[in-house]
Amino acid sequence: MVYTSTRDSSVRVSAAEAIAKGISADGGLFVPMTIPTLNLVDIEKLARLDYIGRAKEVLKLYLTDFTDDELSMCVEGAYKAEKFSSPQIAPLYALNDTANILELWRGPTCAFKDMALQLLPYLLTVSANKTLKNTKIVILVATSGDTGKAALEGFKDVPNTEILVFYPVDGVSPMQKLQMTTQEGNNVSVCAIEGNFDDAQSGVKSIFTNREIEQKFKENHLAFSSANSINWGRLVPQIVYYVSAYCDMVKSERLKLGAPMNVVVPTGNFGNILAAYYAKQMGVPIGKLICASNANNVLTDFLTTGTYNKNRPFYCTTSPSMDILISSNLERLLFALSEQDAEQTKALMDQLAANGTYTVSEKIQKSISELFAAGYCDDTDTKRTIRKIFDEYHYLCDTHTAVAVNVYAAYKMKTGDNTPTVIASTANPYKFSKSVLSALENNIQSQDEFSMVEELHEKSGEPVPPQLATLKGKTPRFTKVAAKEDMAQVVFEMLGI
């Protein structure tokens, strides 16, 4: 398997190189030059395996320079039973006749990012041993909430690595902030920035592609990599759980082998739904890919019109992990739908950087409309949806999952499409206790975060994850707030260079 860059078609790297580097030197994202395939016989065989078995079989199609022993070590280390609150790792919950909730938040930080970020440190360690000798890996992360904690937890005390997470100072929930700022580990640092997620993400990407910084790193035997979904090692594990979800739908007889299933994903940076797209391209019978946005509905507009325009108000919503106006992984989709035209993809990304907008060709827009449906849900409807799901099914979901359920209901009403559907559930509701509790209770009595957690528990009966409950009373280790222009200096200070 050979990888290239979305902005330079002459680039050729191995999977290990793509994972170790994180981003191409030209600013593009690494993508496989060919997509491996699964037929129905393959899927039937995968359905007989557990999640770890399925992950090994899917990953070895993409990570061809990893030995079987290396892959086994990575996968078995990432998905140990004691790390996840479900033996199925990513279980399905049948909400009704057509809707099935894919619970991706059963890992150690209660967010879907664990599905990839428990595996990435293993993949990166193996990759670095193959490609970067005598070099310490510096992981830079921009987060809108969940990626930060999941990356910190995954990389804490991993030998020969340092990790620094940047988050928008007012753009995460209190629980997300506490999870990050109390993080343990000798190789971790966290810094808030004055700005939003897009500022953090743009700052990290500019550091990655700064030649002077790269030279300074080389002199100190350091190399950058990323734990964001711009890193292929973050994205490829996400393909696994869509393959696995289809297997579980067949195994539970909610779906006949070969029949299609739709997928709904609450979407911010476009990585999670892009993984479903790749699963579909591999041959998994996925029908419509339904992209659900919050009030920051830049993706809804793009997928329905073909014009991407980030020049719009930025909203801080109750689903903060989706508060994004620049969806980095969309670049990979544009590259695929343009038949791997790196020149065209780079031109679109240059237009976005210069003007904040671009419009795709009619051919690409036609492909998008065939593959995707899109919708959005504001905070008011998010709250109503949480209450409705709880009242009708006694199922408690977080704000992001509620956005997806709401958009799916609107899609189904508009189209009459009764295809069995998997809805990606991205976080445990206790990560957003205030928002979820306010949906169920008109008059919240509690004032602090943990009183609200307890009140939500009493109201819903749902257990509080111990990893969240034990945060109560912890003193933050990391309190630094920096201007977005000073992010590079923060990195140097952390590393002492």
Side-chain angles (χ1 to χ4, degrees), residues 3 5 13-25 27-30 59 63 65-66 70-71 73-75 77-78 113-114 116-143 147-166 180 183-191 200-201 203-237 328 478 487-497:
Y3 291 76
S5 167
V13 297
S14 66
E17 289 175 298
I19 292 169
K21 291 179 179 179
I23 189 171
S24 183
L29 306 184
F30 290 118
L59 290 171
L63 310 180
D65 50 339
F66 283 58
E70 286 170 337
L71 266 181
M73 181 272 294
C74 291
V75 173
K113 306 297 175 75
D114 290 325
L117 284 166
Q118 284 299 302
L119 181 61
L120 180 59
Y122 291 94
L123 297 179
L124 188 57
T125 299
V126 173
S127 297
N129 287 338
K130 292 176 183 290
T131 64
L132 295 170
K133 300 295 184 184
N134 303 314
T135 302
K136 177 178 278 192
I137 305 294
V138 179
I139 312 295
L140 287 191
V141 180
T143 185
T147 291
K149 172 60 181 178
L152 290 163
E153 189 66 26
F155 279 97
K156 74 173 181 183
D157 296 327
V158 171
N160 217 32
T161 67
E162 296 277 348
I163 178 168
L164 175 59
V165 170
F166 291 101
M180 289 187 285
Q183 176 66 46
E184 298 172 353
N186 294 319
N187 64 334
V188 305
S189 292
V190 178
C191 181
Q201 181 169 250
V204 165
K205 288 189 77 172
S206 68
I207 292 170
F208 272 130
T209 53
N210 185 301
R211 295 291 165 263
E212 291 181 15
I213 295 175
E214 182 183 21
Q215 184 57 40
K216 191 169 185 176
F217 265 49
K218 283 182 179 178
E219 292 168 2
N220 288 274
H221 305 288
L222 301 168
F224 280 127
S225 192
S226 174
N228 284 92
S229 55
I230 57 174
N231 190 324
W232 180 252
R234 243 293 301 279
L235 190 58
V236 70
S328 287
F478 306 104
M487 289 171 63
Q489 187 57 41
V490 171
V491 174
F492 295 151
E493 290 173 2
M494 178 197 78
L495 297 171
I497 61 174

With Thr131, which residues qualify under side chain to side chain donor-acceptor pair (under 3.5 Å), at least two apart? none
Main chain of Lys133, side chain of Thr135: is a donor-acceptor contact present, judged purely on distance under 3.5 Å? yes
For the OG atom of Ser24 and the CH2 atom of Trp232, what is their distance to the nearest 0.5 Å? 14.5 Å
Report the distance from atom CZ of Arg234 to atom CD1 of Ile19, rounding to the nearest 0.5 Å. 13.0 Å
Can you tell me how far apart CG (Leu123) and CE (Met73) are? Round to the nearest 0.5 Å. 8.5 Å
Please name the pair of heavy atoms, one in Gly148 and one in Met180, separated by the smallest distance, quoted to 0.1 Å. CA-SD, 3.9 Å
Quick check: closest heavy atoms across Val158 and Gly154, and the distance to 0.1 Å? CG2-O, 3.6 Å
Are Ile139 and Leu120 close enough that some pair of their side-chain heavy atoms sits under 4.5 Å apart? no
A quick test of your reading: do over 12 heavy atoms of other residues, nucleotides or ligands sit less than 6.0 Å from CD of Gln489? yes
Rounded at 0.5 Å granularity, tell me how far CG in Leu29 sits from OG in Ser5. 7.5 Å
Between Gln118 and Tyr122, which heavy-atom pair has the shortest distance, and what is it? O-CD1, 3.3 Å
Non-hydrogen side-chain atoms of Phe224 and Ile23 separated by less than 4.5 Å: no
Can you tell if the side chain of Val126 reaches within under 4.5 Å of the side chain of Leu63, non-hydrogen atoms only? no
Residues Thr209 and Ala25: closest non-hydrogen pair is CG2-O, 4.2 Å
From Gln201 atom CD to Ile230 atom CD1, the distance as rounded to the nearest 0.5 Å: 7.0 Å
Does any non-hydrogen side-chain atom of Lys113 lie less than 4.5 Å from one of Thr143? no
If you look only at pairs with a residue in residues 218-228, which of them pass as a side-chain hydrogen bond (donor to acceptor under 3.5 Å, both in side chains), with sequence neighbours excluded? Ser225-Asn231
Can you confirm whether Leu119 sits close enough to Leu59 that some side-chain heavy atom of one is under 4.5 Å from a side-chain heavy atom of the other? yes
Is NZ or CZ of Lys216 both nearer than 6.0 Å to the six-membered ring centre of Phe492 and within 45° of the ring axis? yes
Pairs satisfying salt bridge (charged side-chain N to carboxylate O under 4.0 Å, His left out), at least one member in residues 150-165, at least two apart: Lys136-Glu162, Lys149-Glu153, Glu153-Lys156
Shortest non-hydrogen contact between Ser127 and Phe66, atoms and distance: OG-CZ, 3.4 Å
Please report the C-alpha distance between Leu140 and Met487 in whole Å, then the side-chain angles of each, then the deciding distance to 0.1 Å, and finally whether the side-chain contact (heavy atoms from CB on, under 4.5 Å) criterion is met. CA-CA 10 Å; Leu140 287 191; Met487 289 171 63; over 6 Å; no
Taking all heavy atoms of Pro237 and all of Gly233, pick out the closest pair and write down the distance. CD-O, 3.1 Å
Between Phe478 and Val165, does the side-chain contact (heavy atoms from CB on, under 4.5 Å) criterion hold? Intermediate values first, please. CA-CA 11 Å; Phe478 306 104; Val165 170; over 6 Å; no
dist Phe155:CZ -> Gln183:CD (nearest 0.5 Å) comes out at 12.5 Å
Between the main-chain N or O of Asp65 and the side-chain N or O of Lys130, is there a donor-acceptor pair closer than 3.5 Å? yes
Test Leu164 against Val138 for side-chain contact (heavy atoms from CB on, under 4.5 Å), laying out the working first. CA-CA 8 Å; Leu164 175 59; Val138 179; 5.9 Å; no
Less than 4.5 Å apart, side chain to side chain, heavy atoms only: is that true for Asn210 and Phe217? no
Take Leu222 and Ile497 through the side-chain contact (heavy atoms from CB on, under 4.5 Å) test and state the conclusion after the steps. CA-CA 11 Å; Leu222 301 168; Ile497 61 174; 4.0 Å; yes
